[in-house]
Amino acid sequence: MTAPVPASALRMGTTAGRGTLLAAVLASGMVFLDSTVVNVALPKLGQDLGANVADLQWTINGYLLMLAAFVLLGGALGDRFGRRRIFLIGVVWFTAASVLCGLAQGTGWLIGARFLQGAGGALLTPGSLSVLQASFHPDDRGRAIGAWAGLSGVSTALGPFIGGWLIDALSWRWIFFLNLPIAVLVLLAALRWVPESRDESASRTRGQGRTRRRFDVAGALLGALALAGVTYALIDAPARGFDSAEVLIAAVVGVLAAVAFVLLERRRGDAAMLPTGLFSSRLFSVLNLFTVVVYAALGGFTFFFAVYLQNVVEWSAFRTGIALLPMTLLLLVGSARAGALSARIGPRLPLAIGPVVAAVGLLLLRGVGPGASYWRDVLPGVLLFGIGLTLVVAPLTASVLAAVQDRFSGVASGFNNAASRAGGLLAVAALPLLVGLSGGGYEQKDELTDAFRGAMEWCAGLLVAGAVLALVLVHRPPREAPPSQPCHSLPAATPPARPK
């Protein structure tokens, strides 16, 4: 017996279905674009604002930290109060913070605005996916999510290309102002076509008809404190030393906050921001660990590569963006096919082979130097990295939420987003320390060259570790049993999906 299909379920061929997909893709595209395009701007941004390596790290990590720490809360808020409502609030918040980034007059201002921008992204990112899961007819849900995954992946790869042109033609500030017209389109489409939905079990009435809406604010704050403490210690260690009181205190606070977070979530049970029962699914746990490892490699690569091409190879920001364009085309053409392949054979082989192919690409790119030819030296590595990424994204999307019950779709989506952002966050914080890059070293060709080559080796190693993890522990998600208490008044959210 299957759960009833809501009469309001959207179909792909309808105007409302296309409008809902448009809103979700554009909104998530803003977040993903800002996750990559800022990397291309780092050299010009650093020169304009007088930034050192730590400032550049915080420009990336302030954004990632808020995404990783609060995307769980964003997913839970959507499940409780309405996915469309929280999604719209996130779009407005994110756009306002983007304007502040574009107006920044110093590194402190920019980093603070990036923190705010990440908080807005934490609200809209899980909502963009949960809206699709909850709104579309089961027969069209896979197609809608597949289109979202492919087009959102394209926006991630397209960011450096668009950003490079804006940086050279106008200023690095315009990579943030670009979000304004996109946000207007998202708001118009969402207000017109996106239906409201929520997890009714998360706000079920009790007692005299009152609704309990409790939120795990303490859990969200502990999670943020854990990530912030560890990140601060890693970024500050090169300047202050590992024996510095500030570094030691930050590291201890981060570790203790992480332990307290786990204990708190376990004690609160279903009322927790992150119900620990989700991890009774071994597949869900393994896929999220895989996400951290693979996206750490991706984050490290994108942080170093754009800076290296501009400051060592002496390419323009626009040419640097073009260098990554083949990844866009591969994701556009290959995501749906990779998803279909995974549906037939299971996710294990794509998730094992993809990282290895990407690792080979990074090792080829390690040899790029001054006077490099794009066709001979850069393109082969970029193609292999793009092929590997294409093999990973759609199967991971289709598997991670298929491993949990429908009613946890928002929370699971949020946690998987947190896992991907945490991977990139930790890589950007740790890799400069591991390869000896600090201060103004990113402006020194010899120092940056050694750091870049070491970073590519570390990233390739992470990808191989992810491949081993998938080969040994990943299996096909089991068919989910129908929910015992289906929602009758609003569309039920169902897997599969994966936000990135």
Side-chain angles (χ1 to χ4, degrees), residues 64 68 71-72 149 153 156 226-227 230 258 262 274 276-302 331 334-335 338-339 341-363 384-404 412-431 434 455-478 495-500:
L64 293 178
V71 76
L72 284 167
T156 304
L227 289 171
V230 173
V262 173
L274 176 62
T276 54
L278 288 175
F279 297 96
S280 62
S281 167
R282 190 187 75 165
L283 180 60
F284 180 77
S285 303
V286 169
L287 287 172
N288 279 287
L289 178 58
F290 175 90
T291 299
V292 170
V293 172
V294 169
Y295 277 82
L298 176 60
F301 166 67
T302 55
L331 285 165
S335 290
L341 175 65
S342 176
R344 288 199 308 271
I345 68 174
R348 183 185 179 197
L349 286 180
L351 295 185
I353 294 173
V356 173
V357 175
V360 173
L362 292 187
L363 293 178
L384 286 176
F385 186 78
I387 291 170
L389 193 64
T390 301
L391 287 173
V392 166
V393 170
L396 193 53
T397 300
S399 300
V400 72
L401 292 187
V404 303
S413 170
F415 182 75
N416 196 240
N417 263 281
S420 66
R421 308 304 174 183
L425 172 77
L426 294 174
V428 172
L431 276 178
L434 292 172
M456 293 305 97
E457 293 173 358
W458 276 98
C459 291
L462 286 170
L463 288 167
V464 172
V468 172
L469 186 68
L471 188 63
V472 174
L473 296 176
V474 170
H475 57 81
R476 184 188 294 270
R498 155 115 171 74
K500 286 288 164 310

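Residue indices begin at 1 and follow the sequence shown. Worth knowing before you read on, the calculation uses all heavy atoms, side chains too, and leaves out hydrogens, waters and symmetry mates.
- Pairing each heavy atom of Ala419 with each of Val292, the nearest pair is O-CG2, 3.5 Å.
- Legend: residues meeting ring-ring contact (aromatic ring centres under 6.0 Å, His included) with Phe301, ordered by chain and number and at least two apart, are Phe305, Phe385.
- Here CG of Leu227 is found 7.0 Å from CG of Leu426. Values are rounded to the nearest 0.5 Å.
- Contact of the Leu431 side chain with the Cys459 side chain is registered, since non-hydrogen atoms from C-beta on lie closer than 4.5 Å.
- Every side chain to side chain contact (heavy atoms under 4.5 Å, CB included) that Ala470 has, sequence neighbours left out, goes to Phe290, Leu351, Ala352, Val474.
- The CG atom of Leu384 lies 12.5 Å from the CG atom of Leu389; values are rounded to the nearest 0.5 Å.
- Applying side chain to side chain contact (heavy atoms under 4.5 Å, CB included) to Thr291 and the options Val286, Leu396, Val392 leaves one that passes, Leu396.
- Applying the side chain to side chain contact (heavy atoms under 4.5 Å, CB included) test to Leu462 and every residue at least two apart in sequence or in another chain returns Val293, Ala296, Ala297.
- The shortest heavy-atom contact between Ala359 and Val464 is CB-CG2, 4.1 Å.
- The minimum heavy-atom distance linking Leu64 with Gly424 is given by the pair CD1-C, 3.8 Å.
- By the side chain to side chain contact (heavy atoms under 4.5 Å, CB included) test, Leu289 pairs with Leu469, sequence neighbours left out.
- For Ile387, the side chain to side chain contact (heavy atoms under 4.5 Å, CB included) test picks out Leu330, Val357, Leu391, with sequence neighbours left out.
- Residues Ile345 and Pro350 are in side-chain contact: their nearest non-hydrogen atoms beyond the backbone lie under 4.5 Å apart.
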